[in-house]
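Please read the structure below before turning to the comments.
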Amino acid sequence: MDRIWMCAAALAVAVPPAWAQDAEVEKLREEVRRLQERVQAMDKPRATGENAFNPAVSLILQGTAARSSQDPSDYQITGFAPSGGEVGPPPRSFSLGESELVISANIDPYFSGRMTLALTPENEAEVEEAYFQTLMLGGGFTLKGGRFLSGIGYQNETHQHAWDFQDAPLAYSAFLGGRYNDDGVQLRWLAPTDLFLEFGAEVGRGRAFPSAEQSKNGVGAWSLFGHVGGDIGASTAWRAGLSYLYVEPENRAFEDADSLGNPVTQSFSGKSKLWIADFVLKWAPEGNATVTNFKLQGEYFRRDESGTLSYDDSAQSAPQFGAPFDGAYSSRQSGWYLQAVYQFMPTWRAGLRFDQLDHGTVSNGIVTGGAGPAAADFPLLGTAHDPSRTSAMVDWSPSEFSRIRLQVAEDDSRAGVTDRQVLVQYIYSLGAHGAHKF
């Protein structure tokens with residue numbers, strides 16, 4: 001220790017001769033700085049094994065007070081197959097939102113682990129994420145395994161409390177049930193370049209929409225994604241990406257109503273292919289990012305499905321047909337959203353979002369066959385409706401652990417009906433909580 005200090009002192013007081021170049025002086029100063037850092041590091045107590053791997057625990061509390069012109073329990077995205085997820089607006093009046101319990105830690109020098117439990121207002125606990133991830137795989141590679149939010153798109157990996165609006169964009173609701181997570185493995189590669197460049201691949205069981213819970217060996221879903229990004233000057237950053245998701249759902253069932261208003265069960269089996277293009281642009285004044293900043297975010301979705309559609313009304317007491325029908329089914333549908341959020345003061349932000357879905361082309365072999373149910377017996381799939389929604393919000397974050405948001409929306413997801421929504425949302429974070437992605 002004394003030798004280090006003596007060397008540092010000697011270097012600090014050394015006076016270069018007159019002919020020495022500035023580079024030599026800077027080199028000496030850099031050596032002094034490094035020696036001082038070594039001394040400071042040696043003086044710090046080392047963390048014991050128990051403290052180094054002690055899990056970080058956090059809890060996210062959410063809730064809303066909402067008012068809507070249409071009953072949220074009747075919500076649907078007309079023209080698109082229901083996902084079965086919680087994609088509608090929050091209940092009227094006061095309601096508890098989804099709370100999150102997050103536990104994460106390094107397991108050892110080679111692996112880390114994370115679990116996110118979603119605590120629902122219905123007093124149920126759902127495992128949203130529970131995965132391990134490598135820390136020292138090398139070569140820019142990272143391996144993740146377990147249940148996790150997929151890396152496709154931009155917003156999919158973001159947890160709900162970190163969204164810029166209370167609800168997911170319509171495209172996410174229609175094509176991914178709000179967000180897509182699966183049980184499987186993911187491999188990412190980050191290129192060793194100044195330009196941000198990453199590629200990823202995932203294989204999974206295919207347990208979630210647009211697939212369906214099924215019991216079979218092998219892979220039920222796989223996806224690919226790539227992202228590129230960089231800086232434009234000192235104040236602007238951007239990221240763009242392309243993603244692809246392939247699943248083969250078997251008996252992906254949902255409830256609908258026939259032309260007489262009676263309940264029927266429909267199910268789809270076949271192939272589902274989803275493409276996503278995303279782009280994000282962030283701007284902040286140089287050296288002033290915590291005071292004002294601007295974020296522009298957009299994604300485009302296109303889904304192609306082909307297979308067999310089944311129709312069954314036999315559960316009715318007085319069915320129209322009384323027997324199941326099967327027919328070829330195919331569809332090509334798309335959607336997009338664009339949103340902008342501006343932080344105009346250190347604790348205040350305002351945002352605007354527009355969502356649009358395109359019903360596209362749908363071919364129903366049961367209807368064209370003419371031997372059973374007609375187009376009117378498929379109001380959800382057969383109605384040529386292009387849902388849209390416009391939302392605006394303003395939120396106040398007195399600290400990084402709390403946020404209060406006011407959001408209004410005009411929602412045309414249901415054919416022939418406009419739902420005008422107003423809500424106030426609170427989000428509170430307790431305990432340690434990691435930074436969110438770009």
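Quick note: numbers below take in every heavy atom, side chains included, and nothing from hydrogens, waters or symmetry partners.
Nearest heavy atom pair, residue L119 against residue A125, reads CD2-CB, 4.0 Å. Pairing each heavy atom of Y75 with each of G88, the nearest pair is CD2-CA, 3.5 Å. Closest approach of S68 to Q421, counting heavy atoms only: CB-CG, 4.2 Å. The nearest pair of heavy atoms linking F80 to A174 is CD2-CB, 4.2 Å. Counting all heavy atoms, side chain and backbone alike, D355 lies closest to P169 at OD2-CA, 3.2 Å. Taking every heavy atom of both residues into account, V87 and G178 meet most closely at CG1-N, 3.9 Å.
Each of E128, R207, R147, E129 was scored for a side-chain hydrogen bond (donor to acceptor under 3.5 Å, both in side chains) with N181, with one residue passing: R207. Looking at Q425, E98, H161 one by one, the single match for side-chain hydrogen bond (donor to acceptor under 3.5 Å, both in side chains) with Q62 turns out to be Q425.
Note: W189 and F141 have tilted aromatic rings, judged against thresholds of 30 and 60 degrees for the angle between ring planes. Note: Y246 and W222 have tilted aromatic rings, judged against thresholds of 30 and 60 degrees for the angle between ring planes.
Annotation: Y244, atom OH; neighbour count of heavy atoms from other residues, nucleotides and ligands within 6.0 Å is above 12. At most 12 non-hydrogen atoms from other residues, nucleotides or ligands lie less than 6.0 angstrom from CZ of F94.
Contact annotation: the side chain of R389 never approaches that of Q356 to less than 4.5 Å [non-hydrogen atoms, C-beta and beyond]. The shortest distance between side-chain heavy atoms of P82 and L380 falls below 4.5 Å. Contact of the Q339 side chain with the L352 side chain is not registered, since no non-hydrogen atoms from C-beta on lie closer than 4.5 Å. Side-chain contact between L176 and L274: present, with at least one pair of heavy atoms (C-beta onward) separated by less than 4.5 Å. Between T158 and W163, some side-chain heavy-atom pair lies under the 4.5 Å cut-off. Looking only at side-chain heavy atoms (C-beta outward), L135 and F111 stay at 4.5 Å or farther from each other. In this structure, the side chains of L296 and V280 stay at 4.5 Å or more apart for every pair of heavy atoms. Side-chain contact between W336 and F354: present, with at least one pair of heavy atoms (C-beta onward) separated by less than 4.5 Å.
A salt bridge does not link R332 with E305: every distance from a Lys NZ or Arg NE/NH1/NH2 to an Asp or Glu carboxylate oxygen is 4.0 Å or more. Salt-bridge check for K271 with E248: failed, with every basic side-chain N at 4.0 Å or more from each acidic carboxylate O. Between D183 and R205, at least one side-chain N (NZ, or NE/NH1/NH2) sits under 4.0 Å from a carboxylate O, which counts as a salt bridge. Comment: D74 does not engage R414 in a salt bridge, judged by the lack of any side-chain N to carboxylate O separation of less than 4.0 angstrom. Under a 4.0 Å N-O distance rule, the pair R239/D278 qualifies as a salt bridge.
Stacking of K144 on the aromatic ring of Y131 is recorded, both the 6.0 Å distance cut-off and the 45° axial limit being met. Geometric assessment of R353 against the ring of F165 yields a positive cation-pi assignment under the 6.0 Å and 45° thresholds.
Rounded to the nearest 0.5 angstrom, Q166 CD and Q160 CD are separated by 6.0 Å. In this structure, the separation between OG1 on T116 and CD1 on I60 is 9.5 Å, given to the nearest 0.5 Å. Note: R92 CZ to L423 CG = 13.5 Å, rounded to the nearest 0.5 Å. Summarising the geometry, atom CZ belonging to F175 is positioned 12.0 Å from atom CD1 belonging to I152; distances are rounded to the nearest 0.5 Å. S99 contributes atom OG, which lies 6.0 Å from atom CG of L59 (distance to the nearest 0.5 angstrom). In this structure, OG on S267 lies 10.0 Å from CD on E255, to the nearest 0.5 angstrom.
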**Message:** If you apply the rule side-chain contact (heavy atoms from CB on, under 4.5 Å), what do you find for F378 with L309, and how did you get there?
**Reply:** CA-CA 11 Å; F378 296 88; L309 183 67; 3.8 Å; yes
**Evaluation steps, side-chain contact (heavy atoms from CB on, under 4.5 Å), between W238 and I232** = CA-CA 8 Å; W238 62 276; I232 306 174; 3.6 Å; yes
**Message:** Does T236 form a side-chain contact (heavy atoms from CB on, under 4.5 Å) with L281? I'd like the steps, not just the answer.
**Reply:** CA-CA 7 Å; T236 305; L281 181 72; 3.4 Å; yes
**Request:** Give the C-alpha distance, both sets of side-chain angles, the deciding distance and a yes or no for salt bridge (charged side-chain N to carboxylate O under 4.0 Å, His left out) between D304 and K273.
**Result:** CA-CA 5 Å; D304 291 355; K273 306 172 185 178; over 6 Å; no
**Request:** Before giving the answer on side-chain contact (heavy atoms from CB on, under 4.5 Å), spell out for D411 and T418 the whole-Å C-alpha distance, their side-chain angles and the decisive distance to 0.1 Å.
**Result:** CA-CA 6 Å; D411 190 346; T418 297; over 6 Å; no
For residues 190-198, dump all side-chain donor-acceptor pairs below 3.5 Å to protein atoms at least two apart in sequence or in another chain.
from	atom 1	to	atom 2	distance (Å)
T193	OG1	L195	O	2.5
E198	OE1	R188	NH1	3.1
E198	OE2	R188	NH1	2.9
E198	OE2	H227	ND1	2.8

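Side-chain atoms of E299 come within 3.5 Å of backbone N or O of Y154 as a donor-acceptor pair. Not a single donor-acceptor pair under 3.5 Å links the side chain of Q407 to the backbone N or O of M393. Side-chain atoms of S397 never come within 3.5 Å of backbone atoms of S399 as a donor-acceptor pair (strictly under, hydrogens ignored). Of the possible polar contacts, none joining the D358 side chain to the G335 backbone as a donor-acceptor pair under 3.5 Å is found. H385 places a side-chain N or O within donor-acceptor distance of the main-chain N or O of D412, the cut-off being under 3.5 Å. Although no hydrogens or angles enter the test, the distance criterion places no donor-acceptor pair under 3.5 Å between the side chain of R405 and the main chain of Y426. Side-chain atoms of T134 come within 3.5 Å of backbone atoms of L143 as a donor-acceptor pair (strictly under, hydrogens ignored). Not one N or O on the side chain of H359 forms a donor-acceptor pair closer than 3.5 Å with the backbone of P387. Of the possible donor and acceptor atoms, one in the side chain of S211 sits under 3.5 Å from a partner among the backbone N and O of G206. In this structure, S272 contributes its side chain and P210 its backbone to no donor-acceptor pair below 3.5 Å.
Checked against the 6.0 Å centroid threshold, F301 and Y172 count as a close aromatic pair. For Y329 and F268, the ring centers sit closer than 6.0 Å to each other. Here Y300 and W275 keep their ring centres 6.0 angstrom or further from each other.
Residues T78 and T383 have side chains that never bring a donor and an acceptor to within less than 3.5 angstrom of each other. Defined by atom type and a distance below 3.5 Å, a donor-acceptor pair is present between the side-chain atoms of S150 and E202. Checking Q333 against R303 by side-chain atom types alone, a donor-acceptor pair falls below 3.5 Å.
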